[in-house]
Visitor: 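Sending over a structure as structure tokens; questions will come in a sec.
For reference, positions follow the sequence shown, starting with 1. All values derive from a computational prediction rather than experimental measurement.
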Amino acid sequence: MRILELGTSRSKVIQWFGSVGVSIGPLARTEEAEVVRVSIATIAPGGQIGRHATPAWQLFYVTEGSGWVAGETGEMVPMSAGMAASWKPGEEHGAGSHEGLVACIVEASVNPVAHFLERA
């Protein structure tokens with residue numbers, strides 16, 4: 001077993017797509033045939049990840065706090081800890097928070113939630 005100190009020391013403030021008050025840090029990544037990237041995003045109170053198209057399947061899992069996500073229509077859907085949103089490759093999306101939130105973001109070349117959707 002190895003214990004890793006990941007914390008926020010590896011996080012970087014991002015401003016892509018007009019994002020405000022957002023820092024993202026890598027958690028895990030592969031570059032094999034099935035690409036997987038896992039990051040932790042911290043959105044400060046009043047912050048947001050600007051709208052953009054995702055290049056891969058994406059899962060946005062809120063682990064702490066509350067906020068909103070938006071998909072193709074731009075409708076802001078409330079989110080809280082324990083909830084997740086999924087976007088398909090090329091889908092325009094964004095996220096934000098009035099109070100602040102922490103989310104785990106999984107990007108993959110295959111749908112990371114297909115298994116759950118088959119059972120729904």
Visitor: Taking all heavy atoms of P55 and all of P89, pick out the closest pair and write down the distance.
Guide: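 Closest approach of P55 to P89: O-CB, 4.1 Å.
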Visitor: Decide yes or no for V38 and C104: does some side-chain heavy atom of the first lie under 4.5 Å from some side-chain heavy atom of the second?
Guide: yes
Visitor: Which pair of non-hydrogen atoms, one from V22 and one from Q48, has the smallest distance, and what is that distance?
Guide: CG2-O, 3.3 Å
Visitor: What is the minimum heavy-atom distance between V69 and A85, and which atoms define it?
Guide: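 Between these two residues, the closest heavy atoms are CG2-CB, 3.9 Å.
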Visitor: Would a distance-only check, ignoring hydrogens and angles, find a side-chain to backbone donor-acceptor pair under 3.5 Å from S109 to V35?
Guide: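 Present.
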Visitor: Is there side-chain contact between F60 and I49, with heavy atoms separated by less than 4.5 Å?
Guide: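 Yes, side chains in contact.
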Visitor: For P26 versus S39, what's the shortest heavy-atom pair and its separation?
Guide: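 Nearest heavy atoms, P26 then S39: CA-OG, 4.2 Å.
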Visitor: About how many Å separate NE2 of H98 and OG of S66, when rounded to the nearest 0.5 Å?
Guide: 8.5 Å
Visitor: When rounded to the nearest 0.5 angstrom, what distance separates CH2 in W87 from CD in E72?
Guide: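 W87 CH2 to E72 CD: 11.5 Å, rounded to 0.5 Å.
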Visitor: For residues N111 and S86, report the shortest heavy-atom separation together with the two atoms involved.
Guide: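 Closest heavy-atom pair between N111 and S86: OD1-OG, 4.3 Å.
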Visitor: Mind checking whether W57 and K88 have side chains closer than 4.5 Å, heavy atoms only?
Guide: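 Counting from C-beta outward, W57 and K88 do come under 4.5 Å.
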Visitor: Could you state the interatomic distance from OG1 (T63) to CG (L101), rounded to the nearest 0.5 Å?
Guide: 8.0 Å
Visitor: Counting only N and O atoms by type, is there a donor-acceptor contact under 3.5 Å from the side chain of S23 to the main-chain atoms of K12?
Guide: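 Flag not set: sc S23 to bb K12 has no pair under 3.5 Å.
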Visitor: For Q58 and H93: C-alpha separation, side-chain torsions, deciding distance, then whether side chain to side chain donor-acceptor pair (under 3.5 Å) applies.
Guide: CA-CA 10 Å; Q58 190 173 99; H93 67 287; 3.0 Å; yes
Visitor: Might you point out which heavy atoms bring E99 and P45 nearest each other, and give the distance in Å?
Guide: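 Scanning both residues, the minimum pair turns out to be O-CG, 3.3 Å.
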Visitor: Once rounded to the nearest 0.5 Å, what's the spacing between atom OG of S97 and atom CD of E64?
Guide: 10.5 Å
Visitor: Would a single hydrophobic cluster contain both L59 and V102, if residues Ile, Leu, Val, Met, Phe, Trp and Tyr are joined by side-chain heavy-atom contacts under 4.5 Å?
Guide: yes
Visitor: For residues Y61 and V36: do they belong to one hydrophobic cluster (side chain heavy atoms under 4.5 Å, members Ile, Leu, Val, Met, Phe, Trp, Tyr)?
Guide: no
Visitor: Just verifying a value: how many Å separate R37 CZ and I105 CD1, rounded to the nearest 0.5 Å?
Guide: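 R37 CZ to I105 CD1: 12.5 Å, rounded to 0.5 Å.
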Visitor: To the nearest 0.5 Å, what is the distance between OG (S19) and CD1 (I14)?
Guide: 4.0 Å
Visitor: Using the ring of each side chain (for Trp, its six-membered ring), is F17 parallel, tilted or perpendicular to H52, with breaks at 30° and 60°?
Guide: parallel
